[in-house]
Amino acid sequence: MPRSLFDLYAETYPFTLPALGYAPAAVEPAVDAATMSLHHDKHHAAYVTNLNAALKDHPDLHRISLGELLMGLRRWPAAVQTAIRNQGGGHANHALFWQLLAPGAPSASAPSGQLADWIVRDFGSVDACKAALKAAGVGQFGSGWAWLVKTATNHLVVKGLPNQDSPLLEGELPVLGLDVWEHAYYLKYQNRRADYLDALLGRINWDTAGAQLRR
Ligand code: MN
């Protein structure tokens, strides 16, 4: 069983790579098996390895959870802030991302409950929310993510963030994240990031996204 997301943000040093939770081909054709394997086994693993290496000689940080490390970034020693931001963000973002993808046959999964209510309230419709996510992903210059976040005032907002910046850095809760680094799609889609985003938005596990609101 994959660890719950609550457990993930509560994780402390030494950090570990969570299991993908499904076969590498389980989200084909949206995400090809080769990309899924490389992305999880190499890229995500590297964020975990690098985060642990950066914190190794800071035992005072070993009792601080991943969520706290990101939300309180400026409180930690300057020497490790960049590593926490990049490697810790990379770890948190990817651990959520795997669970946001729906394995098995493409389904008609849709937001429900509070998430559906808030999407309609803040975007007008699910399709409008998806369009905003796609636009944020296409428009993100260079590497980064398109995010649906819950703000401090309990609203849903779409934004693009660079690199591995987590919404947690600004005190906003990640609800849904779409990885638009080239490593996430280039083997299959090359320069066609918009096509990748269309495919990805058709394979979202909206139950995972909805569960984020209950944190
Ligand atoms: Mn990635």
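Every number for a ligand or one of its atoms is a count from 1 in the order of the listing. These numbers come from a predicted model, not from an experiment.
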Side-chain heavy-atom pair Q140, W145 within 4.5 angstrom cut-off: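 Contact flag for Q140/W145 side chains = no.
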Check: V158 and F123 side chains under 4.5 Å, non-hydrogen atoms: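 Yes, side chains in contact.
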Parallel, tilted or perpendicular, as decided by the 30° and 60° cut-offs, for the rings of H40 and W98: perpendicular
Under 3.5 Å donor-acceptor, R85 side chain and L73 backbone: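 Answer holds: no.
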Heavy-atom donor-acceptor pair, E11 side chain to T16 backbone, under 3.5 Å: yes
For the Mn ion (ligand 1): protein N/O/S atoms at distances below 2.8 Å: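 Step by step: take the Mn ion (ligand 1), keep protein N, O, S below 2.8 Å, and you get 4.
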Those residues that, when tested against H155, pass ring-ring contact (aromatic ring centres under 6.0 Å, His included) (two or more places apart):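 For H155 there are no ring-ring contact (aromatic ring centres under 6.0 Å, His included) partners, ignoring immediate neighbours.
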